Amino acid sequence: MKAIRRFTVRPVLPEALHPLGDLARNLRWSWHAETRDLFQSVDPGRWDGCGGDPVRLLGGVPPARLAELAEDRRFLRRLAATADDLADYLGGDRWYQSHPAASDLPSAIAYFSPEFGITAALPQYSGGLGILAGDHLKAASDLGAPLIGVGLLYRHGYFRQTLSRDGWQQEHYPVLDPHELPLAPLREPDGTPARVTLGLPGGRRLRALVWLAQVGRVPLLLLDSDVEENDLGERGVTDRLYGGGGEHRLLQEMLLGIGGVRALRTYCCLTGHAEPEVYHTNEGHAGFLGLERIAELCDTGLGFDAALESVRAGTVFTTHTPVPAGIDRFDRELVARHFGPDAELPGIPVERILRLGSETYPGGEPGLFNMAVMGLRLGRRANGVSLLHGRVSREMFSGLWPGFDPDEVPITSVTNGVHAPTWVAPEVFRLGARQIGAERTENALMVGGSERWDAIAEIPGQDIWDLRRALRERLVAEVRERLYASWRQRGAGSAELGWIDGVLDPDVLTVGFARRVPSYKRLTLMLRDRDRLTEMLLHPERPLQIVVAGKAHPADDGGKRLIQELVRFSDDPRVRHRIVFLPDYGMAMAQKLYPGCDVWLNNPLRPLEACGTSGMKAALNGCLNLSVLDGWWDEWFQPDFGWAIPTADGAGTDEDRRDELEAAALYDLLEHRVAPRFYERGRGGLPDRWIEMVRRTLMQLGPKVPAGRMVREYVDRLYTPAAHAHRAMTPDAARELAGWKARVRAAWPGVTVDHVETTAVTAATATAELGATLSLRVRAGLGELAPGDVEVQAVSGRVDAEDRIADATATALKPVGGPDPEGHWCYEGPLSLDRTGPFGYTVRILPAHRLLASGAELGLVAVPTQEAGEGAGVLLR
């Protein structure tokens, strides 16, 4: 019989146990081992049954057990110590408060993301973007950075994955009750739930509740449209992550961006939290937040253009995709219908909104509204998530800055990191604590800052090898348990599953591969030569075993076919004890998978992996990486601690040929270098060279990959400059900058480089000595602009066969005297010849203003015509 109404009945804790409720409601327990150990001791069997979720645990503990614990002095001492530790963590000074420029840092930073992977107990993530966002909040909490997270609460989460009997992915969407999650409703002073409202076409309204998750020191606001006052369609806006069609996604992103800012304002008003000085948009999904902030400023009397400058000053935009197909793009007419007089933001002209997302560059589609393009136009500072991804992003978005080389496109990079306390196995932490002390180990994992973890050099090889085997053995037990459950879901009976007891071997080289399953990640590259793979799996002396997991998007049948292909191979009785596919990949599985593998495999099509943080999590547990040089591995790979799979870049667009060559290279590495090193034994019976690679992974990669390093970079390189720009952008300054930009754009067609000459080198004698200095003289036309509006630069560097300048250096030239009778200005300056070989220079004019972040900000540049200069190349000897 089905209930007609559902309630959540919360336990009444004895007064002595009240701190348990506070500990359960703060998600620090998800990365704090002592707190988890305390909850486990409440009811060990129930703890395992509820997946390590304290809220569910407390909801099911019998009153008699609670009464018993309330009289248990030993437990109460542990509870008091754990509660005191949390209080110290929440209230004490940390890295941010001890920063040399602490008084100058942002008072608060808003971090918007469509998904957050905090813990499996709060399933609001689909993959790397969400896990990264969760790790960002956790690391900010550990550092004491004043972030406020903003996202959506999806009532069905992403999806749970099972397999059919023939290996086809099946999706399930269990309903999540917020009252059963580690959340609390944000409440108004009168106790009513806080909510935000958006306007919809035709005068309709979209209402959303605001839920609060406490992530250590960081509040996370999650908006939920499942409100009784909403119509059925509006109630379903936050039904599932990345679900529905174009309008559904647009409404989600409007609620995230516009509703998110309104929720943020409500939260700060109710709690007294400082208003954010910096807004960080994690991918383009939340880009509409800039429109809401513009509307707020327009309501104070600031014009649209000045409001835009004010908003841009304090906004940071992070792009995570290396391909245009990964960007949300909406039909212009759909966007136009949701804004304007009878919908949302009625005070802003719809055309101004549409212009922000227009693809006004060669190859762009004028009928589409591009969320990443809007993010870049609304954010003065932008970054990719690895060095290589930064370069790819500058190329991909270079059309927004015409006239500039991709290297000068104002998109930098901050390489992602992972929250070490979340992903490092307790056994690994204990080994480090035993060697260098628990406090130093914890500080190294959370804050970082050192170049190397040299203390690891002192850990005996036997201890490292014993740890690796223990982690592998734990993974084997986990795999067998999950594989059994998967086969039962596929319809198998217990009597036919005895073979699972022999799946995997704790003494066999174990390779892990787990991630989302778009085609570019190449889940099935390992199956390219099945006979050769089978030989390696079954090798009599050097076998390997492979654990695979991953989800395909529900609408991606191509990805589902890849999973089915892998599953069917792994079902073969000849190899099923050596290769397994585990369905329903998520955080809980990942926390067992990364530590238990010896090698982490990643073989995307280069350069389509923006970062690829799974290999970082594996590395922190002493797992070695075997990867294509893409994302973070391209940046930090060294032969001391891993292997690089060669890429067949010469295959061009022949993807089949490329896969064939790169699969062969992968097999060669596994067969001739990886496996022999794992099974090779030294005099003491240990694989000494393998252990040394594990040691170097921890010593050299360990300090680089933690999210603490990443967040510190964001604070120093992006958040703090953005806060300074925000403070400088007073209403008067914003009006000044907006007016100046309008004037410069209108006058720019009259800006010209008319003549360039040097005093030392001519086309007839195109050689010069290293260390010499040329005197440049430039005749420039500024039209209606003045010298204070521009900067005239000499740009020099090595040139290639086509006279393109590489590794360029820009030197500002100075105006000499006033304009000549024809209104032209003369600029002069020295040009140092500081390198040998083919060398060249050119001259350009850029807009210049004290409030610009870079000379490329406006995308305007004037360069010489062919007749203006003496020739580009100077050969030095």
Side-chain angles (χ1 to χ4, degrees), residues 2-10 25 27 53 55-56 59 112-126 130 149-160 171-188 191-214 219-264 266-267 270 285-286 288 338 344 554:
K2 191 172 183 179
I4 62 171
R5 192 169 181 186
R6 177 189 179 108
F7 295 91
T8 295
V9 181
R10 293 194 178 276
R25 284 188 292 271
L27 291 169
D53 178 351
V55 173
R56 290 177 57 198
F112 283 67
S113 178
E115 51 176 302
F116 286 92
I118 308 293
T119 167
L122 188 61
Q124 301 292 306
Y125 59 91
S126 71
V150 183
L152 300 179
L153 178 66
Y154 304 97
R155 287 301 183 104
H156 296 279
Y158 189 42
F159 68 87
R160 303 297 301 272
E171 299 90 27
H172 308 274
Y173 294 91
V175 178
L176 302 175
D177 182 350
H179 297 282
E180 296 175 357
L181 299 173
L183 301 170
L186 183 64
R187 295 190 181 276
E188 299 285 355
T192 59
R195 61 182 60 194
V196 298
T197 302
L198 270 67
L200 298 179
R204 294 177 295 122
R205 292 287 181 265
L206 170 61
R207 301 167 183 86
L209 296 172
V210 183
W211 295 89
L212 174 64
Q214 195 64 40
L220 170 59
L221 309 177
L222 298 173
L223 278 68
D224 171 19
S225 71
D226 192 7
V227 178
E228 288 186 4
E229 294 88 340
N230 283 336
D231 292 339
L232 187 61
E234 282 74 59
R235 291 189 72 163
V237 166
T238 57
D239 58 350
R240 60 186 64 173
L241 181 58
Y242 302 139
E247 184 168 18
H248 187 264
R249 290 285 292 275
L250 177 64
L251 290 173
Q252 284 190 341
E253 297 185 10
M254 289 177 64
L255 182 60
L256 173 60
I258 299 170
V261 172
R262 294 173 185 173
L264 193 61
T266 301
Y267 174 80
L270 292 173
H285 308 283
F288 288 124
H338 282 79
E344 189 50 72

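Since the structure is predicted, the reported quantities are computational estimates derived from the model, not experimental observations.
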4.5 Å side-chain heavy-atom contact, [X] and [Y]:
{"X": "Arg155", "Y": "Pro178", "answer": "yes"}
{"X": "Arg25", "Y": "Pro182", "answer": "no"}
{"X": "Leu122", "Y": "Leu183", "answer": "yes"}
{"X": "Leu264", "Y": "Phe112", "answer": "yes"}
{"X": "Val210", "Y": "Thr266", "answer": "no"}
{"X": "His179", "Y": "Trp211", "answer": "yes"}
{"X": "Leu270", "Y": "Glu188", "answer": "yes"}

If I take atom [atom1] from residue [X] and atom [atom2] from residue [Y], how far apart are they, to the nearest 0.5 angstrom?
{"X": "Phe116", "Y": "Leu152", "atom1": "CZ", "atom2": "CG", "result": "9.5 Å"}
{"X": "Leu176", "Y": "Arg240", "atom1": "CG", "atom2": "CZ", "result": "11.5 Å"}
{"X": "Ile118", "Y": "Leu27", "atom1": "CD1", "atom2": "CG", "result": "6.5 Å"}
{"X": "Leu250", "Y": "Phe288", "atom1": "CG", "atom2": "CZ", "result": "5.0 Å"}
{"X": "Leu256", "Y": "Leu222", "atom1": "CG", "atom2": "CG", "result": "10.0 Å"}

Indicate yes or no for a side-chain donor-acceptor contact from [X] to the backbone of [Y] under 3.5 Å, with no hydrogens or angles considered.
{"X": "Arg262", "Y": "Thr197", "answer": "yes"}
{"X": "Arg249", "Y": "Gly246", "answer": "no"}
{"X": "His156", "Y": "Tyr173", "answer": "yes"}
{"X": "Thr238", "Y": "Ser225", "answer": "yes"}
{"X": "Gln252", "Y": "Asp239", "answer": "no"}
{"X": "Glu344", "Y": "Gly199", "answer": "yes"}

Quiz item: So among Arg207, Arg195, Arg235, which one has a salt bridge (charged side-chain N to carboxylate O under 4.0 Å, His left out) with Asp226?
Solution: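 Testing each of Arg207, Arg195, Arg235 against Asp226, the sole residue satisfying salt bridge (charged side-chain N to carboxylate O under 4.0 Å, His left out) is Arg235.
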Closest approach of [X] to [Y] (non-hydrogen atoms, all atoms of both residues):
{"X": "Pro554", "Y": "Tyr158", "result": "CD-OH, 3.9 Å"}
{"X": "Gly260", "Y": "Val150", "result": "CA-CG1, 3.6 Å"}
{"X": "Arg204", "Y": "Pro201", "result": "NE-O, 3.3 Å"}
{"X": "Ala208", "Y": "Leu223", "result": "CB-CB, 4.3 Å"}

Quiz item: Would Leu153 and Gln124 satisfy side chain to side chain contact (heavy atoms under 4.5 Å, CB included), going step by step from the backbone distance to the final call?
Solution: CA-CA 7 Å; Leu153 178 66; Gln124 301 292 306; 3.8 Å; yes
Quiz prompt | Arg160, CZ atom: more than 12 neighbouring heavy atoms under 6.0 Å | solution =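 Open: at most 12 neighbouring heavy atoms sit under 6.0 Å from CZ of Arg160.
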Self-check item: Donor-acceptor pair between Tyr242 and Glu115 side chains, under 3.5 angstrom
Solution: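 Yes, because at least one side-chain N or O of Tyr242 sits under 3.5 Å from a partner of the opposite role on Glu115.
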Self-check item: Exercise: do Glu247 and His338 side chains pair donor with acceptor under 3.5 Å
Solution: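 Note: Glu247 and His338 side chains meet the donor-acceptor criterion.
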Quiz item: Please walk me through it: do Leu198 and Leu251 pass side chain to side chain contact (heavy atoms under 4.5 Å, CB included)?
Solution: CA-CA 10 Å; Leu198 270 67; Leu251 290 173; over 6 Å; no
